[in-house]
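Labels below follow one simple rule: chain letters A, B, ... track the order of the sequence lines, proteins then strands, and each chain is numbered from 1.
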There are 2 protein chains.
Amino acid sequence: MKKKKEVTIYDLAKELNFSPSTISRALNNHKSIGKKTTKEIQKVAAKMGYRPNSIAASLRSNKSKTIGIMISRINRPFVSSLISGVEDAARKADHNVIISQSNDKYENEVKNAKAMYDSRIGGLIVSLAMETNNTDHFQQFADNNIPIVFVDRVPRDFNSYRVIIDNYAAGYRATKHLIDQGCKRIAHFAGAQHVNVYNLRKKGYLDALLENGIEVDENLLVDLETMSFEEGREAMKMLLELDFPPDGIFSSNDTAAVSAILCAKERGVRIPEELAIIGFNDDPISSIVEPSLSTVSHPAMKMGEISTQRILEHSEDNLGSSISEITMLDTEIIVRNSSRRRKI
Amino acid sequence: MKKKKEVTIYDLAKELNFSPSTISRALNNHKSIGKKTTKEIQKVAAKMGYRPNSIAASLRSNKSKTIGIMISRINRPFVSSLISGVEDAARKADHNVIISQSNDKYENEVKNAKAMYDSRIGGLIVSLAMETNNTDHFQQFADNNIPIVFVDRVPRDFNSYRVIIDNYAAGYRATKHLIDQGCKRIAHFAGAQHVNVYNLRKKGYLDALLENGIEVDENLLVDLETMSFEEGREAMKMLLELDFPPDGIFSSNDTAAVSAILCAKERGVRIPEELAIIGFNDDPISSIVEPSLSTVSHPAMKMGEISTQRILEHSEDNLGSSISEITMLDTEIIVRNSSRRRKI
DNA sequence: TTGTACGCGTTATCAA
DNA sequence: TTGATAACGCGTACAA
């Protein structure tokens, strides 16, 4: 019941007749301490059940081995893989990861940024909330030389590290793929346009149409807010009621695309013969739905690892906060049955 | 580039001609400070850009507002929902959440426990690694009155808070459901039997058979190690090659169950007419596969919230570490097409 | 190679 | 209601 008194370097000092500083150095494998003394001290430390207090170390050294990560919501396949990558890399480097969810609300993101700052994290990895349009709440980190890595959903105007995919190229290639399959009337499920990823995917879509001599039909351009299952269904219904319904759909995420497949099937539309569909993200559901959904795969875990690397490098090299290196990763078009009309 | 000096309570004290203690108290809304002074101090603090240093506060007060969570792997639907619940509840109570993945390795779990301890977390939420059979690495927390909540995958012999579902009842009911659908030869995909959840689900399965006059056929009892997609497929193949294949399967997770559905369909087995299947977890894929998979739903998010509550209560009430309250949550059988033979 | 002395930013105790 | 002082556990400049 009673809290045992914890063993500190002072206790070790008394026990071993060394000064606390020697103990401290030995425990950190400092070069100036003899191999033998170091070994001895570490042995006794282990025997006495000494455990370093990283809170005290952080306070003293004014740097914390904690990486903060801010995302919309953990329980989404892309996000949880991203975090998984961050945690793996951070753990290997002996860092902790603290998480916070914005639920895509700007207000939460601001609050969470405050909390992260108050915890004096050593670096921050951020994928913006859907609502976020203003990035002032990240300035405090930059001002104090705490590295920030924006990943996937990044701001347009904040100078910092970025780890992203080429959304424009991915959108272009996804659309081109449908064209190659013989689609002439290609619809697009577009997400909120102030968000970089959706904006660029749409641009890629538009350019692919133009460059392949297909006119853009505004009726086929569906703006969705959250790209949810429900929205996907509504969008599909709407498209099927057009006088000239589409023969292809490029959806900016898999959730809406899967929903569209189910809805179209219910109404007797043959996929991919009458309607070819491609999504985005390679969520697990995309390979399970029938017909299986073609999609664009995102290297989520790798994006997390690289983001962590950026933070660690920055800290090691003692770089200034003005660095804004951009890392752009490849995506891959995964062709499955929802769009495979011809042998490839 | 240069790190701005941060504003501390000393700076505020100088500015306002108060002592640091008064500043500290005012910032924490201590009762002994007048309303007016408190307001004034907080106003100036905000204006000067003061941000509390929770590292220093933790060191001094010897309690940290950080909850550690140890899980197998983040990017699994159940786990990410659990974490999401933890983070939501923690955030509301102004606590941070730090995560660590074991990848189901005992060794990692031990290392991570050390790291958590060194961070002087205020409480720990754990879902055990698949490999874990020994819980000595959690003793350090109990010894120092740091509350531990085991959730879902819990040890049999460690006295502490537990938040679980009634796996036995769930296994029983899932099996009974298949029996009610007319199944006579019901197979079971069982996970590693030293893990409580799999062990109990299997017990429930066995008892359901016995109590309904169905003999247990060892050939239908398939022991899997990781319950992966691949294992599910292999198990299904094996079962279909039996002289008397099953007409029902209760799988301890959805992954293997979905895999079994796909494999059976390939081989021309009609589901649910010839083979009814029920899984466990209600992963997103289970409602997408065709026929949609019946399953047992787990209140993952809620389990996370409750676990967090336990930690917070413990800290508030200053309880001793010998408390071992158990919270058992309800599960729900979700009947979908993979097992719906009769109208219900 | 080791020791001394100080301070990181905060809060708790005691006294006024 | 407020202030002076010490202490939380550690790391490091400086001295020896």
Side-chain angles (χ1 to χ4, degrees), chain A residues 3-42 44-45 48-66 94 117-122 144 318, chain B residues 3-42 44-45 48-66 94 117-122 144 318:
Chain A
K3 199 156 190 165
K4 280 187 202 165
K5 189 83 177 72
E6 300 200 42
V7 181
T8 72
I9 54 173
Y10 282 88
D11 301 322
L12 295 178
K14 231 173 269 172
E15 181 72 18
L16 284 156
N17 273 327
F18 275 114
S19 75
S21 39
T22 302
I23 304 291
S24 170
R25 285 188 270 246
L27 292 173
N28 290 307
N29 291 308
H30 198 286
K31 316 212 58 166
S32 70
I33 307 292
K35 283 280 171 208
K36 226 181 67 186
T37 4
T38 300
K39 273 262 159 67
E40 170 71 2
I41 290 178
Q42 293 184 349
V44 176
M48 290 181 64
Y50 169 82
R51 294 270 73 217
N53 184 327
S54 50
I55 297 201
S58 290
L59 178 60
R60 173 61 238 235
S61 62
N62 194 26
K63 54 185 70 140
S64 91
K65 292 194 169 195
T66 298
D94 195 27
Y117 185 83
D118 293 352
S119 306
R120 299 301 189 269
I121 52 171
N144 290 283
N318 245 316
Chain B
K3 201 156 188 163
K4 282 186 200 167
K5 190 80 178 69
E6 298 200 43
V7 180
T8 72
I9 54 173
Y10 278 88
D11 300 323
L12 295 178
K14 230 174 269 171
E15 180 74 17
L16 284 156
N17 273 326
F18 275 113
S19 76
S21 2
T22 302
I23 304 292
S24 172
R25 286 188 271 245
L27 292 172
N28 290 307
N29 290 309
H30 196 287
K31 318 210 54 164
S32 70
I33 307 292
K35 283 280 172 210
K36 226 181 69 186
T37 2
T38 299
K39 272 264 161 68
E40 170 71 2
I41 290 177
Q42 293 184 348
V44 174
M48 290 181 64
Y50 169 81
R51 295 270 74 217
N53 183 327
S54 49
I55 297 201
S58 290
L59 177 61
R60 174 60 237 239
S61 62
N62 195 28
K63 53 185 73 137
S64 90
K65 293 196 169 192
T66 299
D94 197 27
Y117 185 84
D118 294 353
S119 305
R120 299 299 191 270
I121 52 171
N144 289 282
N318 247 315

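- Computed from coordinates, the R60(B) CZ to dT5(D) P distance equals 16 Å when rounded to whole Å.
- The separation between N53(A) atom CG and dA7(D) atom C1' is 14 Å, rounded to whole Å.
- Base engagement by Y10(A) is indicated by at least one non-hydrogen atom pair under 4.0 Å involving a base atom.
- Between I33(B) atom CD1 and dT2(D) atom P there is a gap of 5 Å when expressed in whole angstrom units.
- Mapping heavy-atom proximity under 4.0 Å, the span of DNA chain C touched by chain A runs 5' to 3' from dT1(C) to dG9(C).
- Between S21(B) and S24(B), the side chains place no donor N or O within less than 3.5 Å of an acceptor N or O (distance only, hydrogens not considered).
- Taking atom CG of residue D11(A) and atom P of nucleotide dG9(D), one finds them 9 Å apart after rounding to whole Å.
- Residue-to-nucleotide proximity on DNA chain D shows that, of R120(B) and I23(B), the 5′-proximal contact is made by I23(B).
- For the pair K31(B) NZ and dT2(D) C1', the computed distance is 17 Å after rounding to whole Å.
- In the set dT2(D), dC10(D), dA13(D), dT2(D) carries the atom at the smallest distance from any side-chain atom of R25(B).
- Rounded to whole Å, atom C1' of dC8(D) lies 10 Å from atom CD1 of I55(A).
- We find the CZ-CG distance between R120(A) and L59(A) to be 10.0 Å, quoted to the nearest 0.5 Å.
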Donor-acceptor pairs are to be reported for all side-chain atoms of residues 9-17 of chain A against protein atoms at under 3.5 Å, with residues two or more places apart or in another chain.
| from | atom 1 | to | atom 2 | distance (Å) |
| --- | --- | --- | --- | --- |
| D11(A) | OD2 | T8(A) | N | 2.8 |

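- In this structure a side-chain-to-backbone donor-acceptor pair under 3.5 Å is missing from S64(A) to S58(A).
- Proximity note for L59(B) (side chain, C-beta onward) versus dT2(D), dG9(D), dA7(D): the nearest is dG9(D).
- dT2(D) atom C1' lies 16 Å from atom CD of E40(B), rounded to whole Å.
- Residues K65(B) and S54(B) fail the side-chain proximity criterion, which asks for heavy atoms closer than 4.5 Å.
- When the P atom of dG9(D) is taken as reference, atom CG of L12(A) falls 13 Å away, rounded to whole Å.
- For dC10(D), neither phosphate oxygen OP1 nor OP2 lies less than 4.0 angstrom from any side-chain nitrogen or oxygen of S24(A).
- In this structure, P20(A) reaches neither bases nor backbone, as no heavy-atom distance under 4.0 Å exists between it and the strands shown.
- Residue contacts shown for T8(B) are limited to sugar-phosphate atoms, with no base heavy atom under 4.0 Å away.
- Checked against T38(A) for a side-chain contact (heavy atoms from CB on, under 4.5 Å), the options K36(A), K35(A), Q42(A) give a single hit: Q42(A).
- Using a 4.0 Å heavy-atom distance criterion, T37(A) is classed as a sugar-phosphate-only contact.
- For the atom pair I55(A) CD1 and T66(B) OG1, the distance stands at 7.0 Å (nearest 0.5 Å).
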